[in-house]
Amino acid sequence: MLTNQASFKRDGVQDFVTVRATAIIMTAFTFYMLWFFLSTPTVTYEIWHDLFSSLAMKVFTFAALLSIMMHIRIGFWQVLTDYVKAPGIRAVVQFFINLVAFSYVAVGLFVLWGL
Amino acid sequence: MQLSFSVYRYNPDVDNAPRMQDYTLEVEEGQDMMVLDALIALKEKDPTLSFRRSCREGVCGSDGMNMNGKNGLACITPLSTFGNKKIIVRPLPGMPVVRDLVVDLTQFYTQYEKIKPFLINDNNQPPAREFLQSPEEREKLDGLYECILCACCSSSCPSFWWNPDKFIGPAGLLHAYRFLADTRDTATEERLSDLDDAFSVFRCHGIMNCVSVCPKGLNPTKAIGHIKSLLLQRAV
């Protein structure tokens, strides 16, 4: 049986692992950025540009953006199945939340490619 | 000493909506008693007050209710727990109310039934007298078999409130692990397959309300963690 993150039917084990794995990536990214701001006395455009110019940082940022999208997808599905009992309304709300989550990834990618 | 009570009252045959009714009870200075004893005394004054009770010593699990915001068994909860505060007694949260403090536990038992709460052993040649276990194997059941199904845990769990038809709940899952951990049980794969979905186990987010309220001092969250580990090991 093929179950993956794209399927509509959720898989408990896969969601459990994905939520934790994405949380680790998001936490790592947050701490890295925190370290960057704390260790950089003045953040100029050049420094900011250099930070995101390296391939490793682009991959790291892309991974963080994807993690946010996947985390949102699973987290909001769980919250909405708790609180929104009407399937039609839930489907619409989920659609818009997933659209917003995808937009973050898309905008993030354009920014990264633009650098 | 006069103690004040506020008790949830609802008789669907008569009342349009639930209400809280105030009572007072005279208790001798320095005397303590259990909430159940107080409720029985109140019932003598007002026979219409309804609640379940049986063993009155924390074994049968009949008198689970919400006392000053926390679920527990009325028969083993002393009034002194609440000091001089007004004692607010409500039915177990999240369960349909049959009358006053009596709740409908159908959904709770339906979930319990799902986990097949009995030993399954497909050994064609069962031992003549009994299945023997080593003390170490038997020890694995400690902290699991003691559950009396009072429903205090499941009715304190928000995941069970929102999904009582899909989430097994802490009590059911504690029992599920009791059989998964039992070396005499041979249906581990079947039991795990039954639990392997997005709701049955994984709706537990580990907030540990169940641990906080269990009148027997059990730890359903730990048992659920073990089930999650077993499901995880099975998947990878």
Side-chain angles (χ1 to χ4, degrees), chain A residues 1-31 63-64 66-102, chain B residues 93-96 107 111 114-115 154-170 172-173 176-177 180 188-210 220-236:
Chain A
M1 186 173 68
L2 178 70
T3 52
N4 58 46
Q5 286 302 325
S7 71
F8 283 107
K9 192 172 164 55
R10 308 304 315 169
D11 179 283
V13 176
Q14 199 176 52
D15 282 357
F16 180 78
V17 175
T18 307
V19 165
R20 276 140 192 87
T22 53
I24 291 169
I25 295 169
M26 289 189 293
T27 308
F29 190 81
T30 305
F31 277 108
L66 274 184
S67 295
I68 293 169
M69 187 177 80
M70 291 161 87
H71 207 85
I72 285 174
R73 181 172 163 79
I74 298 165
F76 268 93
W77 174 78
Q78 291 183 342
V79 172
L80 290 172
T81 45
D82 275 352
Y83 297 108
V84 184
K85 293 298 177 192
I89 298 171
R90 191 168 68 230
V92 172
V93 176
Q94 264 176 281
F95 172 77
F96 281 107
I97 286 172
N98 284 323
L99 194 64
V100 171
F102 173 75
Chain B
M95 307 276 188
Q107 285 175 321
Q111 295 301 336
K114 275 189 195 171
I115 62 107
S154 292
S155 60
S156 70
C157 174
S159 289
F160 191 76
W161 297 342
W162 310 142
N163 298 287
D165 55 333
K166 298 190 191 89
F167 176 51
I168 299 289
L173 290 171
Y177 187 63
L180 286 166
T188 303
E189 188 56 33
E190 179 190 333
R191 290 181 189 283
L192 289 175
S193 293
D194 290 346
L195 296 171
D196 194 3
D197 59 67
F199 280 93
S200 296
V201 177
F202 288 102
R203 266 305 146 125
C204 169
H205 301 303
I207 64 165
M208 298 178 80
N209 273 9
C210 52
T221 308
K222 192 176 171 189
I224 294 168
H226 287 308
I227 299 175
K228 284 177 180 173
S229 292
L230 290 171
L231 287 168
L232 212 60
Q233 286 164 29
R234 195 167 160 264
V236 292

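Computed from a predicted model, the values in this text were never measured in an experiment. So you know, we letter chains A, B, ... as the sequences are listed, proteins then strands, and number each from 1.
Contact of B:Asp196 with chain A is made through the side chain alone, with heavy-atom distances under 4.5 Å. If you measure heavy-atom distances from B:Arg234 to chain A, you find no contacts under 4.5 Å at all.
A distance of 4.5 Å separates NE2 of B:His205 from CD of A:Gln78, quoted to the nearest 0.5 Å. Remark: A:Asp11 CG to B:Leu231 CG distance equals 10.0 Å, nearest 0.5 Å. To the nearest 0.5 Å, atom CZ of residue A:Phe16 and atom OG of residue B:Ser229 are 7.0 Å apart. Here the straight-line distance linking atom CZ of B:Phe202 with atom CD1 of A:Ile74 works out to 11.5 Å at 0.5 Å rounding.
With a 6.0 Å radius and a threshold of 12 heavy atoms from other residues, nucleotides or ligands, A:Ile89 has its CD1 atom at or below the threshold. In A:Phe76, the CZ atom is not crowded: 12 or fewer heavy atoms of neighbouring residues, nucleotides or ligands sit closer than 6.0 Å.
A centroid separation of less than 6.0 Å is found between the aromatic rings of A:Trp77 and B:Phe199.
Using a 4.0 Å cut-off between charged nitrogen and carboxylate oxygen, B:Asp197 and A:Arg10 do not count as a salt-bridge pair.
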*Going through the checks in order, is the side-chain contact (heavy atoms from CB on, under 4.5 Å) test met by B:Asn163 and A:Lys85?*
CA-CA 10 Å; B:Asn163 298 287; A:Lys85 293 298 177 192; 3.3 Å; yes

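Proximity of B:Lys166 to A:Thr81: side-chain heavy atoms (C-beta onward) are nowhere separated by under 4.5 Å.
Applying the salt bridge (Lys or Arg N to Asp or Glu O under 4.0 Å) test to residues at least two apart or on different chains, none of the pairs has a partner in residues 21-30 of chain A.
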